[in-house]
Colleague: 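Attaching a single structure in C-alpha cells format; questions to follow.
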Number of protein chains: 2
Amino acid sequence: MLSDHEKKTRFRDPKRTRKRLLQAAFREVHRSGFQGAGIDTILAATNVTKGALYHHFESKEALGYAIVEEIIAKLFQDRWLTPMLGDGQPINILIGIVRGLPSRPKDIRNSCPLLNLTQEMSPLDEQFRTRLEMLFLAWQKGVAALLRKGQSQGTVRRELNPDETASFLIAMVEGNASLAKVAQDAKVWEVGIRNIVGWLRSLRVPGNHRRG
Amino acid sequence: MLSDHEKKTRFRDPKRTRKRLLQAAFREVHRSGFQGAGIDTILAATNVTKGALYHHFESKEALGYAIVEEIIAKLFQDRWLTPMLGDGQPINILIGIVRGLPSRPKDIRNSCPLLNLTQEMSPLDEQFRTRLEMLFLAWQKGVAALLRKGQSQGTVRRELNPDETASFLIAMVEGNASLAKVAQDAKVWEVGIRNIVGWLRSLRVPGNHRRG
DNA sequence: CTTAACATACCGACCAGTTTGTACGTTAAA
DNA sequence: TTTAACGTACAAACTGGTCGGTATGTTAAG
C-alpha cells in the first residue's frame with residue numbers, strides 16, 4: 001500500500017508540477033537565454049508533457065515572467081536582502097555578501113541570471129523589463145538603506161550619496177560577473193571581488209576600520 | 001552616361017555588398033541578439049538576396065564572427081585604443097573617453113555590443129567566446145599600459161596594480177551600461193559615469209589633481 | 001570562356017502553441 | 001453511503017509558421 005506522500009508524488013500534484021516546471025525552465029533559460037530556451041527541453045528535463053505546461057502557464061512569456069517573479073526574486077532575496085537585515089557594520093555585511101557570491105565554474109559561465117535576462121530581454125519586451133527593473137530597484141534601495149544606517153551609526157562616510165553608491169556597487173558586481181563570464185576563469189572573478197571589497201572598505205569613515 | 005560612382009553602386013560591388021551586409025547584421029544582432037537575429041531581416045534591410053549573403057558568409061555563425069572581428073573591434077578601436085594613444089595625463093584621457101561614451105536613448109537601450117554578445121554567446125559558442133575575450137584582453141591591456149605610463153610619469157598612484165585596475169574600470173563601465181539598460185534612463189547612465197569619473201580621479205597621486 | 005557575384009525557388013527541421021482525449025478528485029444530491 | 005456530475009490536471013498527437021540553409025539558374029566582370 002502506498003503512503004500519502006507516495007500517492008502525492010506518484011500521482012497528481014499541481015503545486016509540485018508547477019514548481020518543477022519553473023525550476024527546470026529557470027535552468028534552461030539561464031543556460032540558453034530566453035529566446036534560445038526550448039519548451040521541449042524543459043519538458044524533457046521534467047518528464048512533464050506539453051499539455052501540463054500549458055495548463056500551468058499560458059505562454060512561454062508567462063513562464064518567463066514567473067521565473068523572474070518567483071525564482072530570481074527569491075534568489076536575490078536570499079543572497080542580498082535577507083543578509084542585509086542582519087546586524088553588524090553595514091560595510092562588513094556588504095563585504096560578506098560580495099565574498100559569498102557563488103563562484104563555481106558553472107556560476108561563472110552562466111553569470112547572474114538577473115543580468116542575463118536584462119541584457120537579452122529588456123530592450124525586446126517591456127513586460128520583462130519592468131519586472132527586472134523592480135528587482136534592481138529593490139536591490140538598490142536595500143543597499144542604500146544599509147548605507148544610510150551605517151551613516152547614522154557613524155561607520156560610513158557621510159559625504160557619499162547612498163542611492164548612487166548602491167547603484168555603483170551593483171554596477172561593479174554585475175560588470176565583474178560579465179568579465180568573468182567571457183574569461184571563464186575563477187581567477188578573474190576573484191580579482192574583481194577583491195577590488196570591490198577594497199572599494200567597499202574605502203567607504204568606511206577613517207579610523208573606524210578595525211571595529212566590529 | 002553613368003558616372004563611375006553610379007556604375008559601382010548600380011552594378012556589382014562585392015566589397016560594398018559585404019560591408020553593407022555586415023553593418024546591417026551588426027545592427028540586427030545588436031537589437032535582437034544573435035539567436036534572435038533573423039537572416040531575412042538583415043536581407044530586407046539591405047535589399048540583398050539570400051544567395052548573395054551565403055556567397056559572402058558560409059553560415060550565420062561565420063557572419064557573427066565577422067561582426068565581432070570587423071565591426072565591433074573597429075568600434076572599440078575608435079572609442080578606446082586610439083584615444084588612449086594621445087598625449088595628456090592618462091587619467092584625464094580615461095575621463096575624457098568615459099564621458100564621451102555614446103549615451104543616446106538608442107545606445108542606452110541596446111547597451112554595449114561587446115557586452116551583449118558576451119552575455120548571450122560566450123557560454124554557448126566557444127568560437128564566439130574566444131573572439132570576444134580577445135577584445136576584452138586588448139581593452140584591458142590598453143588601459144593597463146596607459147596606467148603604467150601614468151605611474152612612470154608620476155601622475156598615477158604607484159601602489160595600484162595596473163592590470164587589475166584596468167579590469168576594474170572595464171567592469172564598472174559594462175556594469176553601468178547594464179543598469180542603464182534596464183532602467184532605460186539617461187539619468188541612470190550619467191550618474192554612473194559621474195561615479196566612475198570620481199573613482200578615476202582617486203587614482204591620481206594626491207597633489208597632482210590640477211595639472212595638465 | 002571562365003569565374004565571381006549574385007537571384008530565386010525551395011527544403012527540411014524546429015518549435016511554440018493547439019486540439020482532443022482521459023483519468024483523477026471533489027462535491028453534492030438522493 | 002452511494003453515485004453521478006463536473007472541474008482540474010494532465011497526456012499525446014498534430015499544426016502552422018518560421019528560419020537557416022541549399023540547389024540551381026543567370027548575369028556581369030575579367
Side-chain angles (χ1 to χ4, degrees), chain A residues 1-26 28-29 31-67 120-121 124-125 127-128, chain B residues 1-22 24-25 28-29 31-67 120-121 124-125 127-128:
Chain A
M1 181 187 168
L2 298 173
S3 69
D4 284 0
H5 175 70
E6 280 169 327
K7 274 182 188 168
K8 279 211 165 179
T9 57
R10 283 168 63 97
F11 302 113
R12 296 187 181 184
D13 189 343
K15 298 262 177 61
R16 189 176 121 90
T17 301
R18 197 191 124 93
K19 191 152 232 163
R20 286 176 58 229
L21 245 11
L22 267 179
Q23 281 291 349
F26 167 69
E28 166 71 358
V29 167
R31 260 197 301 270
S32 313
F34 179 76
Q35 303 183 85
I39 297 285
D40 291 337
T41 308
I42 297 166
L43 265 22
T46 49
N47 282 322
V48 166
T49 61
K50 204 165 262 191
L53 188 150
Y54 279 94
H55 171 73
H56 288 284
F57 304 96
E58 70 174 6
S59 67
K60 189 187 180 186
E61 280 71 33
L63 178 58
Y65 303 154
I67 289 174
E120 181 187 2
M121 297 307 296
L124 298 179
D125 184 315
Q127 301 249 53
F128 258 113
Chain B
M1 181 187 166
L2 297 172
S3 70
D4 283 1
H5 175 69
E6 281 168 325
K7 274 182 187 167
K8 280 213 163 179
T9 58
R10 284 168 62 96
F11 301 112
R12 295 184 178 182
D13 190 344
K15 299 263 177 62
R16 189 177 121 90
T17 301
R18 196 191 125 94
K19 190 152 232 163
R20 288 177 55 230
L21 244 11
L22 267 178
E28 166 71 357
V29 168
R31 260 196 303 270
S32 314
F34 179 76
Q35 303 183 85
I39 296 286
D40 291 337
T41 308
I42 297 166
L43 265 21
T46 49
N47 282 322
V48 166
T49 60
K50 206 166 261 192
L53 188 150
Y54 278 93
H55 172 74
H56 288 284
F57 304 95
E58 69 174 6
S59 67
K60 188 186 180 187
E61 280 71 34
L63 178 59
Y65 304 155
I67 290 175
E120 181 187 2
M121 298 307 295
L124 298 179
D125 184 314
Q127 301 251 53
F128 257 114

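Order of the sequence lines fixes the chain letters, A, B, ..., with proteins taken first and strands second; residue numbering starts at 1 for each chain.
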Colleague: Calculate the interatomic distance between B:Glu61 atom CD and D:dG20 atom P; express it in whole Å.
Modeller: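 Nearest whole value for this atom pair: 10 Å.
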Colleague: When you measure from the side-chain N and O atoms of A:Thr17 to the phosphate of D:dA9, is any distance below 4.0 Å, counting only OP1 and OP2?
Modeller: no
Colleague: Nearest-Å distance, CZ (B:Phe34) to P (D:dC19)?
Modeller: 14 Å
Colleague: Report the distance from atom OH of A:Tyr54 to atom P of C:dA16, rounded to the nearest whole Å.
Modeller: 6 Å
Colleague: Where along residues 37-50 of chain B does a heavy atom fall under 4.0 Å from DNA chain C?
Modeller: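 DNA chain C contact set from residues 37-50 of chain B: B:Thr49, B:Lys50.
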Colleague: Checking A:Thr46 side chain against A:Leu43 main chain: does a donor-acceptor pair fall under 3.5 Å?
Modeller: yes
Colleague: For A:Gln35, report the nucleic acid contact type (base, sugar-phosphate, nothing); a contact means any heavy atom under 4.0 Å.
Modeller: nothing
Colleague: Provide, to the nearest angstrom, the distance between the CG atom belonging to A:Leu21 and the P atom belonging to D:dA9.
Modeller: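 The distance from CG of A:Leu21 to P of D:dA9 comes to 13 Å, rounded to the nearest Å.
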Colleague: Within this structure, what is the CZ-to-P distance between B:Phe57 and C:dC6, rounded to whole angstrom?
Modeller: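 Going from CZ in B:Phe57 over to P in C:dC6 covers 12 Å.
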Colleague: Do B:Asp125 and B:Tyr65 make a side-chain contact, defined as non-hydrogen atoms from C-beta onward lying under 4.5 Å apart?
Modeller: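 Yes, at least one pair of side-chain atoms sits under 4.5 Å.
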Colleague: Please give, in whole Å, the distance from C:dC14 C1' to A:Lys60 NZ?
Modeller: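 Whole-Å distance recorded here is 12 Å.
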Colleague: Could you tell me which non-hydrogen atom of A:Leu22 sits nearest to which non-hydrogen atom of A:Phe57, and how far apart they are?
Modeller: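 Here A:Leu22 and A:Phe57 meet closest at CG-CZ, 3.8 Å.
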Colleague: Write down the distance between CG (B:Leu63) and P (D:dG20), rounded to a whole number of angstrom.
Modeller: 11 Å
Colleague: Considering all heavy atoms of both residues, which atom of B:Gln35 and which atom of B:Glu120 are nearest to each other, and what is their separation?
Modeller: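 Closest heavy-atom pair between B:Gln35 and B:Glu120: N-OE2, 2.8 Å.
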Colleague: Not counting sequence neighbours, which residues clear salt bridge (charged side-chain N to carboxylate O under 4.0 Å, His left out) with A:Arg31? List them please.
Modeller: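 Once residues adjacent in sequence are excluded, the partners of A:Arg31 under the salt bridge (charged side-chain N to carboxylate O under 4.0 Å, His left out) criterion are A:Glu28.
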Colleague: Nearest 0.5 Å, what's the CG-OG1 distance between B:Asn47 and B:Thr17?
Modeller: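 Output value for this atom pair is 11.5 Å.
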Colleague: Show each protein N/O and nucleotides 1-4 of chain C N/O combination with a separation under 3.5 Å, one pair to a line.
Modeller:
none

Colleague: Which heavy-atom pair separates A:Val48 from A:Leu53 by the least distance, and what is that distance?
Modeller: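 It is CG1-N, 4.2 Å.
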Colleague: State, yes or no, whether a side-chain contact exists between B:Ile42 and B:Leu63 at a heavy-atom distance under 4.5 Å.
Modeller: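 B:Ile42 vs B:Leu63: side chains touch.
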Colleague: Nearest-Å distance, CG (B:Leu53) to P (C:dA5)?
Modeller: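 Computing the B:Leu53:CG to C:dA5:P distance gives 14 Å.
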Colleague: Does any N or O in the side chain of B:Lys50 come within less than 3.5 Å of the main-chain N or O of B:Ile39, such that one atom is a donor and the other an acceptor?
Modeller: no
